[in-house]
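Remarks on the structure that follows.
The structure presented is a predicted model; accordingly, all values stated were derived computationally and were not measured. Chain naming here is simple, since letters A, B, ... match the order of the sequence lines and numbering starts at 1 in each. Only heavy atoms go into these numbers, but all of them, side chains included; no hydrogens, no water, no symmetry mates.
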Amino acid sequence: MTDTPGFTVDVDQNSYLPAGGSQVDAIVTVTMAGGPEAGAAADGAAPTPTGDGLEMIIVDCSTSMSGDKIMSARRATAAAIAELRDGVSFTVIAGTQHAALVYPPFVGTATADAGTRAEATAQVARLAANGATGIGAWLTFAGRIADQHPGAIKHAILLTDGQNGEHPSQFAAALDACLGKFTCDCRGVGTDWRVDELRAISSALLGTVDIVANPSDLAADFRAIMGTAMGKVLADVALRLWTPRGATVRFVKQVAPTVADLTARRTESGTQRGDYPLGSWGAESRDYHIEVQVTPGVVGDEILAGRVSLVRASSDTVLTNTVLTNTVLAQGLIRAIWTDDTALSTRISRGVAHYTGQAELAEAIQDGLAARKAGDGPTATARLGRAVALAAASGNEGTARLLERVVDVIDAPSGTVRLRAGVTAADEMTLDTRSTKTIRVRGES
Amino acid sequence: VGEPCPHCAAPTGTTDQFCEGCGVDLRVRRRDRTDRVEIDLGALAGVSDRGRVHVRNEDAMALGHGTAVGHETAVGQRTAGRSAARLAAVVCDGVSTVHSPELASRAAAESALDVLLSARSAPDRPAEHRTRDAVAAAARAVAALPAPSGRDAPSCTLVSALVDRSDPDLPEITVAWVGDSRAYWLAGAGAAEPARLLTADHSWVAEMVAAGVLDVATAMADVRAHAITQWLGADGEPEPGVVTLRPAGSGALLLCSDGLWNYLPDADGLAAVAVPTIERGTGALDAAAALTAVALAGGGRDNITAVVIPITVRSPS
């Protein structure tokens, strides 16, 4: 394991509880070294991506893609192909009610080099829009290809413009079968697709979801996605959480860069121990909010309420961090200390407070938009108003701006808003897809 | 492999910082093993518990009979050749505001018990004199403890009982106390020897009430409520209270720290918890545990210690 990149785990929490208290919250920041600010790798350089990767570009070729959209999809796919690093395996898949290989022209995958990139680009120029939309079939097809590349960093870009035509149970089964096989970033072009469908895919397959309302923006977006994908150096990372006997894990949520609930994704990996999939990693940093309910203690008790380490998924390979010649476990300790000093036990950690607000912000937006769609004006006003207040209080300006296109803000701090008439579908869907985007806090004020 | 976890008994590694079972910080817990001590000598038993609030258990108890002596965690139980003629118990409560109160209470309890049960020195010395000797020995032991300059010297309370059963039908009980640890006689309603408090606290509250200055409720609400006016320590010779009791009927003697009686000061109330347990034949330890549980359920604001000595008196036929 000499090539293991350096992971660090930091814990932000208030470990003090009042007598009888049992709820322990912590923000756990997982960082893979690399980039000028981290510098934990021995030579100070970013970890070197390995050649062992698989990229799958899945393009919706249903009839509704005709015109601008399919032309933009061709350009975007070509832009993504141009980003492929030499040595990476790749394939381009056309999706209708079935999935069909566009490139390579034989079964399997091509290995990226100047020649294959040029061939693939030429093939992509012939993509045509003709058929229905069967996203489950596309995923199943991609999953089979991924099966041929064990151990590789496997990633897909999925582009669609419409809602899925498959039976929901068929789609759900196909998605379920792909869990852990590859990660998938989803993009919806135009405004005829369903945010909840693509969000289901991106959260199950540990990727991102976004709207590209204007087809002409697609190429830049694909280029960015592929650039990020090429920066991933380690596949199948899992967060391992040990908790004391009798404790309950209330939730494990990614809270930055976006909110994603991982609680239900737990697989037991030993006594009092479970693993949560984190997908692939590059030089990046993500925050997780963990809440554990422990057996209440008495004043003076001090326990370990949780131990976070990083492992390769479905293995006991614990990931480490090598600083010069010392290899240390990438591990974070969540503690609970019971005290009768209320000045200590009533403090809420800045990180916990912030991310509790950011998670509620995402929830308020999604609730508000759902109520708005259902014609429930009072609920929509209340929830979107709450979202405006939370976005303002936390300084999440990006989300605040998106909210302003859906509601008229009368007073942001109190969350007093009026629903706007004539909101465009694009604005509404943009707010919905980006509702989970959070901003980070750093250090003490 | 290290010693089992003191909290949950799970196996631990010698270098583990935390128990892999319950997560307890082993470096904290390994400092002191007096969180909960139970001593069962059959004829008498005691429970000492840290309670739910205090970080340490600063109470201590020592108990024994003619053939066995137990204090803290070390319980020496030898097979008695005959029924022991003499039983003794000591409960001490360290004064929290001083240096090393837990050492004071331990030293006092152990040295007092040694004198109470000593067979070598003056076996025929009257019980009251032996009891006063025991308190004096405890006071010396506490005074001899090291105290850093500028800090209050270690000090503690004491309540002791010496039960003489040389006439098995008519036991004689000698109780001594310093401070606010108490002895109670516990008996069922209508018993020949009624349940009652045997000691009178050496405390600010008791003095205010005795002088007629304040009523009990007002005095207990004062910040000085728990201040004691007598203690064992470096600063002065204590003047213990001493009482002798020859019970007319069966019951039990209870020695306890204020961590118990603050929750249940009434002798009949204490008897209602302990006496049925003893009468069911489940033993002195169960009675002591039941009493301790009352204080824990009430909040356990202080360390709790209860020693129970069942007393059988044969009724005149």
Side-chain angles (χ1 to χ4, degrees), chain A residues 9 11 13 15-26 240-249 268-274 290-309 316 318 328-329 331-342 344-345, chain B residues 2 4-13 15-37 47-59 94 96-97 101-102 226 259 262-263 292-305:
Chain A
V9 179
V11 176
Q13 68 160 150
S15 47
Y16 292 99
L17 296 176
S22 63
Q23 182 182 318
V24 183
D25 283 280
R240 174 163 291 177
L241 176 62
W242 172 96
T243 48
R245 197 181 317 109
T248 309
V249 178
E268 298 301 318
S269 56
T271 310
Q272 297 166 226
R273 201 167 80 165
I290 296 175
E291 187 177 293
V292 179
Q293 187 94 34
V294 296
T295 309
V298 301
V299 168
D301 278 356
E302 181 167 352
I303 66 162
L304 187 65
R307 183 195 289 115
V308 173
S309 53
D316 277 330
V318 176
V328 294
L329 288 178
Q331 171 174 288
L333 303 179
I334 301 170
R335 295 166 188 258
I337 304 166
W338 282 268
T339 177
D340 51 7
D341 185 345
T342 49
L344 291 175
S345 60
Chain B
C5 170
H7 189 66
C8 75
T12 68
T15 57
D16 287 358
Q17 186 188 343
F18 301 101
C19 171
E20 287 299 305
C22 66
V24 76
D25 190 330
L26 297 167
R27 296 178 314 183
V28 172
R29 283 299 176 115
R30 277 175 176 160
R31 276 186 225 141
D32 188 345
R33 307 253 184 124
T34 58
D35 279 357
R36 169 107 181 170
V37 181
V47 171
S48 185
D49 196 291
R50 183 172 57 119
R52 302 177 73 88
V53 174
H54 281 295
V55 175
R56 265 189 319 213
N57 188 356
E58 296 170 355
D59 284 1
S96 294
T97 53
E102 75 284 7
H226 291 273
N262 274 326
Y263 290 99
T292 307
V294 171
L296 286 171
R301 297 288 310 171
D302 201 350
N303 306 143
I304 306 144
T305 302

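- With Thr305(B) as the fixed residue, the side-chain hydrogen bond (donor to acceptor under 3.5 Å, both in side chains) test singles out one of Thr292(B), Asp59(B), Asn57(B): Asp59(B).
- Residue Cys8(B) touches chain A through its side chain alone, counting heavy-atom pairs closer than 4.5 Å.
- For Trp338(A), no part sits under 4.5 Å from any heavy atom of chain B, backbone or side chain.
- Residues Asn303(B) and Ser48(B) bring no donor and acceptor atom of their side chains to less than 3.5 Å of each other.
- Under the side-chain hydrogen bond (donor to acceptor under 3.5 Å, both in side chains) criterion, Arg307(A) pairs with Glu20(B), sequence neighbours left out.
- Listed by chain and number, the residues in a side-chain hydrogen bond (donor to acceptor under 3.5 Å, both in side chains) with Glu291(A) are Gln23(A) (sequence neighbours excluded).
- Proximity to chain B (any heavy atom under 4.5 Å) is restricted, for Leu333(A), to the side chain, taken from C-beta onward.
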